[in-house]
Amino acid sequence: ASSWKWLLGPIGTGIMYTSPSLRDKLGHVMSGAELMQQGPDFLDHTWRPWSNAKRFEYSTSPLYLAGALETCLRDIFLKYGIEEIRREIFRLQDVFLENLDRTKYPPLLFSGKNRSGIISLISRKDPEQLQEQLLEKKIICSARSGFLRIAPHFCTTDEEVKQAADNLNKL
């Protein structure tokens, strides 16, 4: 899983889990110093990859990014828990939707177990143009597949989602 969206981690980081039984079935598509037991002994050309998940680490790991990801996981996700984070994201979506002119931007909504952390809005206006106009106001959203996508996160404030809806209503 990439970590730079819902895990609030740095761009270029992610996590991967494999069970030991699956790990044994997966082949290598690349090789590098960190997946080999001999590490940075670059003159040792024997093929001795690690037997654990370390065998999927390609080359020199960016330790500063791994440290930042660990901090995000520890200080946000492990501290608050995924259910509290999910509830807060959905609450922020509700605040956004309460302030949105739904006649101009009808949301594509799903309930219950199919609800997403992303709200897709239908618009008569070009979503890419709306994305650019909102970015000028420092509101980040994305235009995808003909929709304008809004995704408040755990660290987003009520004021920020209200501001996003108000600015969008004016376009």
Side-chain angles (χ1 to χ4, degrees), residues 1-23 26 29-30 32-35 50 52-100 102 105 107-123 127-128 130-145 147-169:
S2 63
S3 68
W4 55 87
K5 188 168 188 163
W6 297 112
L7 295 179
L8 293 174
I11 291 177
T13 61
I15 55 175
M16 177 179 160
Y17 171 80
T18 59
S19 67
S21 61
L22 176 63
R23 217 175 289 142
L26 297 175
V29 295
M30 57 184 75
E34 291 204 10
L35 68 88
W50 292 100
N52 59 18
K54 189 163 177 56
R55 68 181 268 220
F56 299 108
E57 295 179 18
Y58 166 59
S59 187
T60 306
S61 295
L63 297 179
Y64 61 96
L65 292 177
L69 175 56
E70 180 202 8
T71 299
C72 293
L73 293 173
R74 181 189 63 235
D75 293 353
I76 299 171
F77 288 90
L78 294 177
K79 179 177 180 180
Y80 295 99
I82 194 69
E83 284 305 311
E84 185 175 336
I85 292 168
R86 181 187 61 80
R87 277 192 299 276
E88 178 62 5
I89 290 170
F90 288 171
R91 188 192 70 75
L92 288 165
Q93 285 181 348
D94 292 341
V95 171
F96 173 80
L97 291 169
E98 288 169 11
N99 288 274
L100 179 70
R102 292 189 191 197
Y105 304 103
L108 184 60
L109 297 175
F110 299 94
S111 61
K113 67 179 183 177
N114 296 314
R115 188 170 181 181
S116 168
I118 299 170
I119 299 173
S120 294
L121 302 174
I122 301 167
S123 173
E128 291 187 18
L130 290 170
Q131 176 186 330
E132 290 175 22
Q133 292 172 314
L134 290 170
L135 187 56
E136 289 172 6
K137 299 178 182 304
K138 301 193 180 348
I139 298 167
I140 299 170
C141 58
S142 63
R144 297 228 183 112
S145 303
F147 296 98
L148 184 67
R149 294 167 30 123
I150 305 287
H153 209 315
F154 186 71
C155 60
T156 308
T157 66
D158 287 29
E159 274 308 306
E160 288 169 327
V161 294
K162 288 176 185 177
Q163 181 184 15
D166 291 344
N167 278 282
L168 187 56
N169 290 340

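Judged as a salt bridge (charged side-chain N to carboxylate O under 4.0 Å, His left out), and not counting sequence neighbours, the contacts of E88 are R91. Residues meeting the side chain to side chain contact (heavy atoms under 4.5 Å, CB included) test with E160, sequence neighbours left out: T156, T157. Legend: residues meeting side chain to side chain contact (heavy atoms under 4.5 Å, CB included) with F110, ordered by chain and number and at least two apart, are L108, N114. Under the rule for a side chain to side chain donor-acceptor pair (under 3.5 Å), the partners of S21 that lie at least two apart in sequence or sit in another chain are S19. Partners of S111 by side chain to side chain donor-acceptor pair (under 3.5 Å), not counting sequence neighbours: none found. Scored by the side chain to side chain contact (heavy atoms under 4.5 Å, CB included) test, C141 finds Q131, L134, L148, I150 as partners (sequence neighbours excluded). K137 meets the side chain to side chain contact (heavy atoms under 4.5 Å, CB included) test with I139, N167; sequence neighbours excluded. Under the ring-ring contact (aromatic ring centres under 6.0 Å, His included) criterion, F56 pairs with no residue, sequence neighbours left out. Under the ring-ring contact (aromatic ring centres under 6.0 Å, His included) criterion, F90 pairs with no residue at all, not counting sequence neighbours.
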Decide yes or no on side chain to side chain contact (heavy atoms under 4.5 Å, CB included) for T71 and I76, but give the supporting numbers first.
-> CA-CA 8 Å; T71 299; I76 299 171; over 6 Å; no

Would you sort out whether L97 and I119 count as a side chain to side chain contact (heavy atoms under 4.5 Å, CB included), showing the intermediate values?
-> CA-CA 9 Å; L97 291 169; I119 299 173; 4.1 Å; yes

Assess whether side chain to side chain contact (heavy atoms under 4.5 Å, CB included) is satisfied between V95 and K162, documenting all intermediate values.
-> CA-CA 7 Å; V95 171; K162 288 176 185 177; 3.9 Å; yes

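Between S123 and L130, the closest side-chain pair of non-hydrogen atoms falls below 4.5 Å. In this structure, V161 and N99 have side chains that are not in contact, with every pair of non-hydrogen atoms separated by 4.5 Å or more. Counting heavy atoms from C-beta on, the side chains of R102 and L109 come closer than 4.5 Å.
The two atoms that bring W6 and F77 nearest to each other are O-CZ, 2.6 Å, heavy atoms only.
Judged purely by atom type and a 3.5 angstrom limit, S116 uses its side chain to pair as donor or acceptor with the backbone of I118. Looking only at distances, a side-chain donor or acceptor of Y105 sits under 3.5 Å from a matching main-chain atom of L168. Side chain of H153 to backbone of I89: no donor-acceptor contact under 3.5 angstrom is found.
Residue pairs meeting the salt bridge (Lys or Arg N to Asp or Glu O under 4.0 Å) criterion with at least one member in residues 108-118, sequence neighbours excluded, are D94-R115. For the salt bridge (Lys or Arg N to Asp or Glu O under 4.0 Å) condition, the pairs that include at least one residue of residues 60-83, sequence neighbours left out, are E70-R74, E83-R86.
Distance check, rounded to the nearest 0.5 Å: OG of S142 to CZ of R149 gives 4.5 Å. Within the model, atoms SG of C155 and CG of L8 stand 5.0 Å from one another, a figure rounded to the nearest 0.5 Å. With values rounded to the nearest 0.5 angstrom, Q133 atom CD is found 12.5 Å from E128 atom CD. Taking CZ of F154 as the start and CG of L7 as the end, the distance is 13.0 Å to the nearest 0.5 Å.
Annotation: L26, atom CG; neighbour count of heavy atoms from other residues, nucleotides and ligands within 6.0 Å is above 12.
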Taking only distance into account, with no hydrogens and no angle test, what donor-acceptor pairs under 3.5 Å do side-chain atoms of residues 10-18 form with protein atoms, sequence neighbours excluded?
unit_1: T13; atom_1: OG1; unit_2: S3; atom_2: OG; d: 2.2
unit_1: T13; atom_1: OG1; unit_2: P10; atom_2: O; d: 2.6
unit_1: T18; atom_1: OG1; unit_2: R23; atom_2: NE; d: 2.8

